[in-house]
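Report on the following structure.
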Amino acid sequence: MNFQRARLLYRLISHNQRLQERRHPMFEKNMAMKVFGYIFVAFWALYFITFGVSFFYIFDGGPLEAFDMVDGGLIIFLTLDFLTRFGMQETPAQDIKPYKLLPIPQNFLLNVFLVRMGLRAYNLFWFFFFVPFGILAIPQFYGLWGLVGYLLGIWLVFVLNSYWYLLWRTFINRNMLAFIPPVLLYAAGIYFGLVDDEYTRQILGANHLQPLFYGCLYLMRWFAQWDIRGVLTVFAAILPLFFANRYFQGKSIYFEISKAEVVKNVKSNQMTWLDKFGEIGEYLKLEIKSTQRNAAIRKQFVTGVICMTLFCSIFAFTDIYDNDFMRIYICTYCFACLGVMTLTMVMCPEGNYIDGLMARKESVLSLLKAKYYFNFIMLLVPLLFSLMPVFKGKLTVVDVLGCMFFTSGVVFPFLFQLAVYNDNTVHLNAKLTKSGTSTKAQMIFSLAGLFVPMIVMYTLMACFTEDIAAWCMFIIGVVGTALHPWWLRNVYNRFMARRYKNMDGFRNSR
């Protein structure tokens with residue numbers, strides 16, 4: 001393939017990617033969501049700028065220069081970047097599939113999409129932190145050209161992290177257990193690379209620990225000094241990852257197109273113990289099997305469990321969040337996050353078979369009840385996680401039970417209102433970042449579901465003591481939970497009043 005043709009095809013593919021979202025049937029409905037997305041990005045940009053300035057003044061005047069302290073802890077930024085990419089970056093295998101019908105070499109397509117992956121604007125997002133920090137810390141030692149070299153190095157390091165993430169994301173798409181090795185590697189890098197104590201000295205047999213700290217420190221100094229060793233070091237890591245990604249992405253395309261996936265024999269679990277609950281029991285079986293088998297719903301559940309585990313573990317075993325604000329926020333967040341992830345899209349998975357569901361209209365009420373019971377039972381998961389900070393004495397049993405029942409009696413009824421207005425189908429095996437189903441109402445309801453419990457708790461604590469506030473939350477939640485037949489019937493009646501409009505939306509978004 002000559003250079004002229006390659007350049008033309010690259011421009012064509014880039015143009016098609018820019019138009020991809022406009023071809024989605026939900027594009028018009030997502031315009032409001034995009035506005036909220038821009039506001040969200042602007043908020044975090046301002047947040048990072050503030051942190052960048054603050055970090056300079058925190059580390060200025062310390063044993064090392066401010067930029068050395070931040071550069072030495074670069075592994076922490078890379079860990080956060082790796083985790084946030086799960087909601088922002090997808091593998092290119094799905095994007096390449098339509099081009100397989102054209103006479104374009106697959107390796108060329110992979111090269112194009114992988115290069116564009118490295119040039120994505122998201123790789124510059126951390127510049128909101130490093131640009132203000134670098135402006136304050138770098139020029140006084142290396143001048144403006146040193147600042148440019150420093151920012152070039154930061155960009156290349158996050159491009160490297162992008163390809164590292166993409167490699168593991170390919171494996172995770174095949175098996176969720178592949179999430180464990182990179183998490184362990186990042187955790188080991190943070191601990192053995194940054195922590196300096198007698199125990200880790202014995203393990204590594206090092207007279208001077210923190211090798212990763214000083215390795216990152218000297219790497220970024222090389223970039224600030226325009227030392228060729230910095231560029232060679234990063235490219236020595238980027239190139240193997242680039243070709244490894246090209247190889248495994250080629251395998252992924254083959255498996256998706258040829259349907260050569262390894263299908264395991266799954267023993268069907270009839271769950272006959274639910275038969276005694278009649279129609280509600282059948283829909284409970286459907287909820288359980290959907291969580292087990294459908295990719296979109298399963299990933300929501302797993303993500304929620306991971307978030308709860310991380311927050312509760314950090315809260316219980318460290319003193320990072322030992323203040324009233326974070327203590328209350330984590331307690332309320334752990335109970336609400338799983339319900340917010342699943343119930344903001346209530347009835348959206350059912351859009352795949354809404355016509356059959358409406359054959360017997362009363363079955364919709366049974367479905368709503370089954371969804372509520374299932375999510376109420378799932379509150380036992382954060383209840384177990386919350387026992388860790390309870391045993392550590394950072395929370396009381398009343399705090400935990402108050403947040404739990406407030407979630408089931410107030411947050412869940414609030415989120416179930418979306419069943420009346422959701423009219424966009426979630427494709428059960430589609431990737432969540434590709435689904436394009438989020439709307440303005442879902443964004444508002446999800447934010448309210450996460451922050452309203454905390455606001456209520458704080459308001460009650462301002463008027464009473466913490467114990468009385470927790471008991472008030474508990475009583476309000478129990479009343480709302482006991483009234484679930486009434487408010488579920490209300491949601492059902494309003495859903496049926498606009499069922500034809502909703503059915504039309506479900507069909508158009510399939």
Side-chain angles (χ1 to χ4, degrees), residues 1-24 27 30 34 37-38 41 45 77-78 81-128 130-131 151-174 182 231 234-257 430-436:
M1 182 181 293
N2 58 49
F3 176 77
Q4 190 69 22
R5 187 186 176 204
R7 187 179 70 171
L8 179 63
L9 286 174
Y10 182 89
R11 292 176 60 185
L12 177 62
I13 293 171
S14 301
H15 179 69
N16 287 343
Q17 281 197 302
R18 286 193 294 269
L19 294 177
Q20 183 177 5
E21 290 185 359
R22 294 181 178 273
R23 296 170 181 158
H24 198 283
F27 176 75
N30 278 341
K34 293 180 189 299
Y38 293 140
V41 170
F77 294 96
L78 296 178
D81 179 68
F82 182 88
L83 295 175
T84 56
R85 285 181 185 274
F86 281 91
M88 302 291 180
Q89 182 176 334
E90 286 290 344
T91 59
Q94 287 287 338
D95 293 326
I96 291 176
K97 284 174 66 177
Y99 296 97
K100 291 293 291 181
L101 300 174
L102 302 176
I104 304 176
Q106 177 173 295
N107 282 342
F108 173 79
L109 289 170
L110 286 169
N111 289 337
V112 169
F113 281 95
L114 288 174
V115 168
R116 287 186 58 79
M117 196 75 67
L119 297 177
R120 290 182 69 222
Y122 181 74
N123 293 326
L124 299 173
F125 187 73
W126 286 93
F127 270 36
F128 289 113
F130 285 101
V131 168
L151 295 178
L152 173 65
I154 291 294
W155 175 66
L156 288 176
V157 167
F158 281 100
V159 170
L160 168 64
N161 206 47
S162 172
Y163 288 129
W164 172 252
Y165 159 83
L166 185 61
L167 182 65
W168 285 105
R169 181 58 185 265
T170 305
F171 299 147
I172 292 170
N173 286 343
R174 305 287 295 172
V231 176
V234 176
F235 270 94
I238 287 179
L239 290 178
L241 286 175
F242 182 92
F243 290 110
N245 274 304
R246 191 174 74 170
Y247 174 79
F248 286 110
Q249 286 300 309
K251 292 290 186 182
S252 297
I253 295 169
Y254 171 77
F255 284 128
E256 290 192 20
I257 293 177
K431 297 173 182 176
L432 293 178
T433 51
K434 294 275 187 179
S435 61

[atom1]-[atom2] distance between [X] and [Y], expressed to the nearest 0.5 angstrom:
X	Y	atom1	atom2	answer
Leu151	Phe130	CG	CZ	9.5 Å
Arg120	Arg85	CZ	CZ	7.0 Å
Leu166	Arg246	CG	CZ	13.5 Å

**Study point:** Stepwise side chain to side chain contact (heavy atoms under 4.5 Å, CB included) check, Ser162 with Met117
**Key:** CA-CA 8 Å; Ser162 172; Met117 196 75 67; 4.0 Å; yes

Review point. Parallel under 30°, tilted from 30 to 60°, perpendicular over 60°: which one fits the rings of Phe77 and Trp126?
Key: perpendicular

**Study point:** Parallel, tilted or perpendicular, as decided by the 30° and 60° cut-offs, for the rings of Tyr122 and Phe125
**Key:** parallel

Indicate the atoms forming the closest heavy-atom contact of [X] with [Y], along with that distance.
X	Y	answer
Asp81	Thr84	O-OG1, 3.0 Å
Pro240	Ala236	CD-O, 3.0 Å
Phe82	Pro182	CZ-CB, 3.7 Å

Exercise for review: Test Phe248 against every option in Phe243, Phe242, Phe171 by the ring pair (Phe, Tyr, Trp, His ring centres under 6.0 Å) rule and name the one that passes.
Suggested key: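 Between Phe248 and the candidates, ring pair (Phe, Tyr, Trp, His ring centres under 6.0 Å) is satisfied uniquely by Phe171.
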
Would you say [X]'s side chain and [Y]'s backbone share a donor-acceptor pair under 3.5 angstrom?
X	Y	value
Tyr165	Leu83	no
Asn123	Val159	no
Asn245	Leu241	yes

Review point. Run the side chain to side chain contact (heavy atoms under 4.5 Å, CB included) check on Leu160 and Phe235 step by step: do they pass?
Key: CA-CA 8 Å; Leu160 168 64; Phe235 270 94; over 6 Å; no

Point to revise | Among Val112, Leu114, Leu119, the one residue meeting side chain to side chain contact (heavy atoms under 4.5 Å, CB included) with Arg116 | key: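 The passing option is Val112.
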
